[in-house]
Amino acid sequence: MPTTATDDATRELGRRLQLSRAGQWFAGNQGDPYALILRAGTDHPAPYEDLVRAQGPWFRSDRLGTWVTADPATATAVLSDPRFGTLDRAGGRPDADLLPLSAAFPGHERAELARLRAAAGPVLGHTALAEGSCDASGAARRLLRRHLPAAGTGFDLVADLARPFAAGLVLRILGVPEGDREAAAGLLARCAPQLDGRFTPQTLAVARDSATAVEEVAGLVRELVAARRAKGRAGTHDDAVGRLLEDGVAPRDVERVALLLALGVPEPAATAVTGTVLRLLGRPGAWEAAERPPAAAEAVDRTLREEPAFRLESRVAHEDVELAGRRVPADGHVVVLAVAGRDLPGPDPLGGPDGPHFALALPLVRLAATTAVQAMAAALPGLSAAGPALTRPRSPVLRAYARCPVRA
Amino acid sequence: MRVLLTSLAHNTHFYSLVPLAWALRAAGHEVRVASPPSLTDVITSTGLTAVPVGDDRPAVELLAEMGGDLVPYQKGFEFTEHEAPEETTWEYLLGQQTMMSALCFAPFNGAATMDAVVDFARDWRPDLVVWEPWTYAGPVAARACGAAHARILWGPDTIGRSRKRFLQAWEEQPPELREDPLAEWLGWTLERYGCAYDERDVLGHWVIDPGARSTRLDLGQTTVPMRYVPYNGRAVIEPWLAEPPARPRVCLTLGVSARETYGRDAVSYPQLLAALGRLDIEVIATLDASQRELVGELPGNVVPVDFVPLDALLPSCSVIIHHGGAGTWSTAMLHGVPQIVVPSLWDAPIKAQQLQRLSAGFNLPPAELTAEKLADAVRAAVDDPAIREGARRLREEMLADPAPAGIVPDLERLADAHRAVTRH
């Protein structure tokens with residue numbers, strides 16, 4: 001590959017990414033548990049999450065300038081308190097200079113998110129999907145069958161099955177024409193590091209490529225909505241974009257919902273599928289039992305509770321806030337560790353109306369994972385691990401898998 | 001031939017280049033020293049020709065952010081003789097490369113400096129670039145103009161050892177987990193000038209090593225051994241230096257580098273001085289005016305001096321106590337003086353451990369230092385013939401290597417060989 005001369009902006013971007021990465025490494029070496037979470041090597045963050053939780057309602061990371069909570073009550077309070085927003089008062093993401101993302105990456109404020117979720121609910125909410133909205137379950141089952149390997153073959157559960165399945169499903173739900181889906185699936189996969197890049201700097205190449213991919217997906221979504229509008233009421237509306245437009249949702253909002261789905265479903269769903277399969281394979285009899293839909297659903301719920309789809313939620317105080325014994329000043333950066341919800345009741349413990357930024361994507365993540373696990377357990381009863389699963393480095397939000405070798 | 005020397009803008013890093021620069025000059029070669037403008041006066045005061053390049057703003061800003069105290073930043077840079085198991089893990093070694101790249105090398109080789117050194121090198125067309133180990137503008141400029149480049153060390157090659165250990169661990173990692181921040185940084189930097197990354201740019205086409213043989217880390221690189229020749233800055237022999245001391249003379253110095261750059265000494269002077277005051281010795285303590293004020297009243301056997309060229313003082317000393325700085329460590333070895341090292345920054349711990357293992361001194365880590373331990377070490381270093389013998393052996397090792405003038409033909413040959421290879 002011919003080398004292209006590095007321009008000033010690229011060099012400066014690389015410098016900032018490396019500097020913030022080294023800052024996290026340095027803070028971790030000083031024992032800062034939040035920095036150790038962000039450092040995101042291959043070890044599981046549970047011990048560091050426990051250290052944060054052991055600090056009480058708040059852990060203040062002085063070195064990284066962040067208030068962190070893993071306390072259920074404080075976490076719930078932060079997420080439901082309108083004084084905490086997504087962006088700072090000047091409209092910027094916290095640490096945006098050190099952790100640059102694509103300009104198209106969603107950064108909705110609370111009111112806008114609530115509006116989008118209300119608009120999307122009748123089409124993409126739990127109940128709607130369970131009642132057959134967009135034929136999501138049927139589509140998921142058909143898609144999965146296409147990705148199932150022959151019995152006895154070795155394959156990578158992540159790259160060969162979970163990831164293409166999840167991307168294919170979301171593209172089908174969005175109404176991307178079948179012929180365009182394979183290329184679009186590759187594009188969606190390239191976006192995933194942006195979700196982690198909000199907290200942990202990626203390598204220069206990945207940071208640039210993932211930002212470009214998000215821009216392209218945003219463009220794709222715009223075209224999709226425009227095409228659907230041009231098509232009018234003709235055709236069957238078994239896709240979310242068509243249904244939302246039909247429901248009278250503003251086209252700009254449909255684009256926003258579609259982008260949240262395109263970014264928020266594929267990798268979290270692939271991770272939930274892989275995590276659930278690994279958990280079930282580790283327990284005698286559990287995998288065989290998961291061919292029954294309720295057992296599969298319960299297993300996925302369990303996985304998402306133990307390993308939340310979005311492990312870190314970022315908020316910014318829009319004014320001085322007194323909460324749980326600490327005063328967070330205006331523009332103070334607050335991070336909620338989603339494992340705080342582990343002991344709270346309900347299927348989406350921190351996923352209520354004021355839940356994660358990508359909460360809108362969670363019902364489809366759950367449906368995708370449940371369908372995949374159930375169908376795989378039924379079709380591949382002899383599935384077994386064929387080597388250690390690897391976690392992608394620098395992935396503190398998704399804790400995405402790099403690979404998971406299995407044998408059908 | 002034309003030889004370009006590069007150094008970051010810090011006296012002690014630059015001083016390690018001066019004797020070789022003069023050897024090359026005296027052999028008739030053209031020599032230039034490229035460094036940010038803040039070092040220009042220091043360069044010209046050595047009689048060498050300075051090329052001011054870029055600026056040292058990124059380094060100054062970073063040091064300001066660190067609050068001037070570098071000691072907390074040593075965590076993760078445990079350069080010791082025998083690494084603990086946790087210091088050889090992928091995670092640890094990756095952290096070292098991550099921090100070295102972003103906190104050490106990139107700030108001291110900022111955008112403006114890189115561009116300016118490359119511009120100069122492309123214009124002046126040196127045959128050889130000699131660089132001190134933090135100044136990656138050197139190898140980058142050499143690559144950009146096709147010159148050979150040699151890294152000149154000022155201590156055991158801990159950067160090289162860390163790199164080799166890292167590369168080995170990298171090989172052992174599954175491909176998905178591999179990353180290499182130093183190669184990433186050098187990669188995009190070299191690409192700016194139309195060059196592709198080459199691992200040899202990290203440690204030099206070859207290495208000029210002025211260390212005593214027993215202190216070298218064998219990393220399998222092409223190495224040109226060179227006798228250490230001290231350059232400590234401007235030197236004037238005061239009359240008292242010519243007088244032989246009446247009692248064993250002990251030099252106590254925290255080194256120029258620590259005094260000038262770091263906000264806080266690693267050890268408290270009054271604590272050390274009080275312990276030494278009770279011994280039958282003469283202490284020459286390097287203290288500037290502000291330190292003298294802080295220390296208060298001195299014991300009767302302590303003579304404060306503001307600055308003294310170590311090369312002139314050490315032949316009259318029985319022991320030196322210091323923090324393990326590069327010039328001090330090497331100059332003491334060259335003069336066969338036993339050393340008591342209270343190691344602080346960077347590679348000081350490994351140097352202190354080496355001296356102790358080679359029976360040429362003592363390693364007193366700051367965390368374990370007490371007045372008694374220091375007094376005991378001074379007594380032993382003064383009285384124990386084995387320690388004096390150990391120090392003498394290191395001196396002999398150094399003297400056995402060719403002086404800078406003696407390696408000039410080697411450098412000519414290696415530069416020729418490089419030219420021959422790149423032309424075909």
Side-chain angles (χ1 to χ4, degrees), chain A residues 1-32 35-36 39-43 62-63 65 98 156 158-159 200-208 387-395 400-405, chain B residues 58 61-62 65-67 70-78 86-87 89-107 109-112 114-115 118 140 144 173-197:
Chain A
M1 203 173 73
T3 57
T4 48
T6 313
D7 61 20
D8 287 358
T10 305
R11 175 165 69 172
E12 175 59 13
L13 171 63
R15 187 189 74 85
R16 287 181 185 187
L17 291 168
Q18 284 213 341
L19 194 58
S20 51
R21 180 85 175 137
Q24 291 177 353
W25 216 286
F26 166 72
N29 282 352
Q30 304 298 313
D32 182 325
L36 289 165
R39 213 151 97 169
T42 50
D43 52 339
D62 280 322
R63 290 189 178 82
L98 287 173
D156 181 353
V158 184
T200 291
Q202 306 295 300
T203 61
L204 177 63
V206 170
R208 297 180 75 201
L390 292 179
T391 303
R392 189 167 68 78
R394 308 195 191 213
S395 181
Y401 286 95
R403 72 161 102 140
C404 178
Chain B
E61 283 172 3
L62 185 69
E65 198 171 312
M66 289 172 165
L70 298 186
V71 173
Y73 291 84
Q74 294 305 299
K75 187 106 176 97
F77 294 116
E78 281 82 7
E86 65 271 20
E87 290 162 12
T89 61
W90 164 248
E91 181 90 354
Y92 181 89
L93 294 164
L94 174 61
Q96 238 175 20
Q97 297 290 308
T98 300
M99 293 190 294
M100 267 197 230
S101 173
L103 301 177
C104 303
F105 302 147
N109 298 270
M114 282 285 193
D115 286 350
V118 168
V140 169
Q173 288 301 304
E176 299 97 320
L177 307 188
R178 288 176 183 168
E179 49 178 277
D180 186 344
L182 186 55
E184 192 195 15
W185 170 64
L186 274 178
W188 79 60
T189 302
L190 284 159
E191 278 171 22
R192 182 174 172 89
Y193 311 114
C195 307
Y197 173 78

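First the proteins, then the strands, lettered A, B, ... as listed; each starts at 1.
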Which heavy atom of B:G76 sits nearest to which heavy atom of A:N29, and what is that distance? CA-ND2, 3.7 Å

Taking all atoms of both residues into account, what is the closest heavy-atom pair of A:L390 and B:P174, and its distance? CD1-CB, 3.5 Å

Tell me which of these, A:L204, A:L19, A:L17, has more heavy-atom pairs under 4.5 Å with chain B than the rest. A:L204

Let me know if [X] has heavy atoms under 4.5 Å from chain A in its side chain, its backbone, both or neither.
X: B:Y92; value: neither
X: B:E179; value: side chain
X: B:A106; value: neither

How long is the gap from [atom1] on [X] to [atom2] on [Y], to the nearest 0.5 Å?
X: B:L94; Y: A:R39; atom1: CG; atom2: CZ; value: 9.0 Å
X: B:W188; Y: A:L13; atom1: CH2; atom2: CG; value: 8.0 Å
X: A:Q18; Y: B:L182; atom1: CD; atom2: CG; value: 8.0 Å

Option passing side chain to side chain contact (heavy atoms under 4.5 Å, CB included) with A:W25 (candidates B:Q96, B:K75, B:Q97, B:E91): B:E91

I'd like to know which of B:P107, B:A111, B:P181, B:S101 tops the heavy-atom pair count under 4.5 Å against chain A. B:A111

Taking side chain as everything from C-beta outward and backbone as N, CA, C, O, which of these in A:T391 sits under 4.5 Å from a heavy atom of chain B? Side chain, backbone, both or neither. backbone

Can a donor-acceptor pair be found, under 3.5 Å and without considering hydrogens, that links the side chain of B:E184 to the backbone of A:T203? no

Is there a side-chain contact between A:P393 and B:R178, using heavy atoms and a 4.5 Å cut-off? no

Taking NZ, NE, NH1 and NH2 as the nitrogens, is one of them in A:D8 or B:R192 under 4.0 Å from a carboxylate oxygen of the other? yes

Electrostatic pair A:R392:B:E176 at N-O distance under 4.0 angstrom: no

